**Q** 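Pasting in a structure now, in structure tokens, and then I'll have a few things to ask.
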Number of protein chains: 2
Amino acid sequence: MSKTPPKRSRPTDVLADLRDAILDGSLGPGKPLRQDKLAASLGVSKIPVREALLRLVAEGLVSVEANRGFAVTRLESEEADEILDIRAVLECRAVLLAVPHMSDATIAEATQILDEAELTTSIDRWGELNWAFHALLYEPANRPKLNQLIRQISNQTERYIRVLITNSDYRSTAEREHRTILAACALRNEEAASALLAQHIRQTGDLIARFLDEQAVRNSQQSEG
Amino acid sequence: MSKTPPKRSRPTDVLADLRDAILDGSLGPGKPLRQDKLAASLGVSKIPVREALLRLVAEGLVSVEANRGFAVTRLESEEADEILDIRAVLECRAVLLAVPHMSDATIAEATQILDEAELTTSIDRWGELNWAFHALLYEPANRPKLNQLIRQISNQTERYIRVLITNSDYRSTAEREHRTILAACALRNEEAASALLAQHIRQTGDLIARFLDEQAVRNSQQSEG
DNA sequence: AACCACATTATCGTATACTATCTTCATTCC
DNA sequence: GGAATGAAGATAGTATACGATAATGTGGTT
């Protein structure tokens, strides 16, 4: 973590700070999260740090073992598969409900998001736009709890999707798939949109699982060498 | 809460104690949860109480407003609808994956659970068996995260299902539907099982929503009278 | 030299105490 | 008489301090 600059964050921001650091990869998988250190670097005491960490545990971003402390959750490939399968089911439901209520303005906005995503060179920005696109597709469903749940589940794989963006041709594939999904939405064909979305998400899951497996092999080779 | 007897609970149990009290209705919807009171009655300080409450917030059982405290979550009928719809989607997926791996022993165990449920006179026991039946159907899917998520979402409506059991012929309807679902599983027909399960859950959602609406009417009449 | 007992250190977890915020109610002013 | 003001009490939220637990290191024994 290299001595975070003393950003005197208001206690309200402790949770957001930690979550962002995990999602953008500054705190990598498996990284132990020492309460005292975090408290010092955030300029608060342990109590609000612990509370933030417990919330992150509930979100699945952090793991905890009694009396042994917190650490950034490390995903196995099977778990990634499972999470992406859940995402597929939930997001298909959301888009199925959303498409009939989707306005032309929403379609136009989604198109703009895709346009910008195909132009940007920033990984962070692409990640943001990726989420913005997905979220926009589900919003007309008007299901706050469903959307909140989708967000929470998605966060658990966000880090790994960022890795995919850098490490493969995932990005162009995703962009193509996004276009076809949006085309189905524009035709108000929710069945097609849902099917395409499921395929898109499940394929992402396969790629993440493959990446995690390769990483595991690299790690074991390293520790043997 | 009527002065809980000083059950000197180990701090580890604080969370479970509170959750049980909410699920079984001892702490009704909207009930304010005062940290000092809870701490005193559980024999610990505020810190572990706050941590337990924050976890319950993450589970959706408790709501929190900054500087105004915690309270047992109060469901609107639209939210109940939404949650049951999510349940339907997730549990259908689970049963779809589980049925092909379902052993005859599992079918037999499920039958036993339904037998006992039809005989018991205890609401609590029926509620337990209801959950045990559902959980058993999904376990062969071997998807820990999915099952955990189903459990968490189900908890949010558990209280209201208990009310249904007492207040209507829900119980016999549910028992009949459980039998047909199990029959489909026994034939290893996962599509049928999934469709029947969806119908079962969505109907439960309708009944909960209706109950909540009637309750809202009663409350407003009461406050007007 | 390998293994166990014990001391030492680091870290977690929580009780206590204090501050900040909100609520309530009495008082004052218009 | 009603609204504005402010003091007092209640509750939330957090810093500090301390005890508990796990990890680590050291000395002694076989």
Side-chain angles (χ1 to χ4, degrees), chain A residues 1-4 6-19 21-22 27-74 223, chain B residues 1-19 21-22 26-74 223:
Chain A
M1 206 188 1
S2 76
K3 279 285 177 250
T4 314
K7 48 162 144 177
R8 72 264 160 308
S9 67
R10 294 277 140 266
T12 329
D13 302 328
V14 172
L15 177 66
D17 284 354
L18 286 175
R19 183 168 27 222
I22 294 170
L27 297 172
K31 175 90 181 174
L33 299 167
R34 301 297 169 203
Q35 301 171 17
D36 292 333
K37 302 268 176 64
L38 290 175
S41 72
L42 294 169
V44 296
S45 81
K46 288 197 309 186
I47 308 275
V49 170
R50 282 181 61 82
E51 298 198 346
L53 288 172
L54 285 168
R55 285 181 189 245
L56 292 172
V57 169
E59 293 180 20
L61 291 176
V62 165
S63 306
V64 59
E65 207 174 339
N67 282 319
R68 307 237 351 223
F70 299 82
V72 179
T73 298
R74 187 196 302 278
S223 62
Chain B
M1 209 189 356
S2 76
K3 278 286 178 252
T4 314
K7 46 163 150 177
R8 75 273 167 296
S9 66
R10 292 278 139 266
T12 329
D13 302 328
V14 171
L15 177 66
D17 284 355
L18 286 175
R19 183 169 27 223
I22 294 171
S26 332
L27 297 172
K31 174 90 182 175
L33 300 166
R34 303 295 170 203
Q35 302 171 16
D36 291 333
K37 302 269 176 63
L38 290 175
S41 72
L42 293 170
V44 296
S45 80
K46 288 198 308 186
I47 309 273
V49 170
R50 281 183 60 83
E51 297 198 346
L53 288 172
L54 286 168
R55 286 180 190 245
L56 292 171
V57 170
E59 292 179 20
L61 292 176
V62 166
S63 307
V64 60
E65 206 173 341
N67 282 320
R68 308 240 349 224
F70 300 82
V72 179
T73 298
R74 187 195 302 277
S223 61

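Predicted model only: the values in this text are computed from it and were never measured.
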**Q** Between the protein and nucleotides 17-19 of chain C, list every N/O to N/O distance that falls short of 3.5 Å.
**A**
none

**Q** Just compare dA15(C), dT11(D), dG13(D) and give me whichever is closest to any side-chain atom of Lys37(B).
**A** dT11(D)
**Q** Over all strands shown, is Leu33(A) touching base, sugar-phosphate only, or nothing at heavy-atom distances under 4.0 angstrom?
**A** sugar-phosphate
**Q** Using whole Å, report how far CZ of Phe70(A) lies from P of dC12(C).
**A** 8 Å
**Q** What donor-acceptor contacts under 3.5 angstrom involve side-chain atoms of residues 52-71 of chain B, with partners at least two apart or in another chain?
**A**
{"unit_1": "Glu59(B)", "atom_1": "OE1", "unit_2": "Arg19(B)", "atom_2": "NH1", "d": "2.8"}
{"unit_1": "Glu59(B)", "atom_1": "OE2", "unit_2": "Arg19(B)", "atom_2": "NH1", "d": "2.4"}
{"unit_1": "Ser63(B)", "atom_1": "OG", "unit_2": "Thr73(B)", "atom_2": "OG1", "d": "2.9"}

**Q** Taking atom CD1 of Ile22(A) and atom CG of Asp17(A), what is their separation to the nearest 0.5 Å?
**A** 11.0 Å
**Q** In whole Å, what is the span from the CG atom of Leu15(A) to the P atom of dT14(D)?
**A** 12 Å
**Q** Taking the nucleotide of DNA chain D with the nearest heavy atom to each, does Ile47(A) or Asp36(B) sit closer to the 5' end?
**A** Asp36(B)
**Q** Would you compute the distance between atom CZ of Arg50(B) and atom OG of Ser45(B) and round it to the nearest 0.5 angstrom?
**A** 11.0 Å
**Q** Enter the distance from Ile47(B):CD1 to Ile47(A):CD1 here, rounded to the nearest 0.5 Å.
**A** 3.5 Å
**Q** How would you label the contact of Arg34(A) with the nucleic acid (heavy atoms, under 4.0 Å): base, sugar-phosphate, or nothing?
**A** sugar-phosphate
**Q** Where is the tightest heavy-atom contact between Ala39(A) and Lys46(A), given as atom of each residue plus distance?
**A** CB-N, 3.9 Å
**Q** According to a strict under-4.0 Å criterion, is Gln35(A) in side-chain N/O contact with OP1 or OP2 of dT11(C)?
**A** no
**Q** On a heavy-atom basis, which atom in Leu33(B) and which in Val72(B) lie closest, and how many Å separate them?
**A** CD1-N, 3.9 Å
**Q** Under 3.5 Å, which protein N or O atoms sit close to an N or O of nucleotides 21-24 of chain C? Give each pair with its distance.
**A**
{"unit_1": "dT23(C)", "atom_1": "OP1", "unit_2": "Arg68(B)", "atom_2": "NE", "d": "3.0"}
{"unit_1": "dT23(C)", "atom_1": "OP1", "unit_2": "Arg68(B)", "atom_2": "NH1", "d": "3.3"}
{"unit_1": "dT23(C)", "atom_1": "OP1", "unit_2": "Arg68(B)", "atom_2": "NH2", "d": "3.4"}

**Q** Phosphate oxygens OP1/OP2 of dA12(D): is one of them under 4.0 Å from a side-chain N or O of Arg50(B)?
**A** no
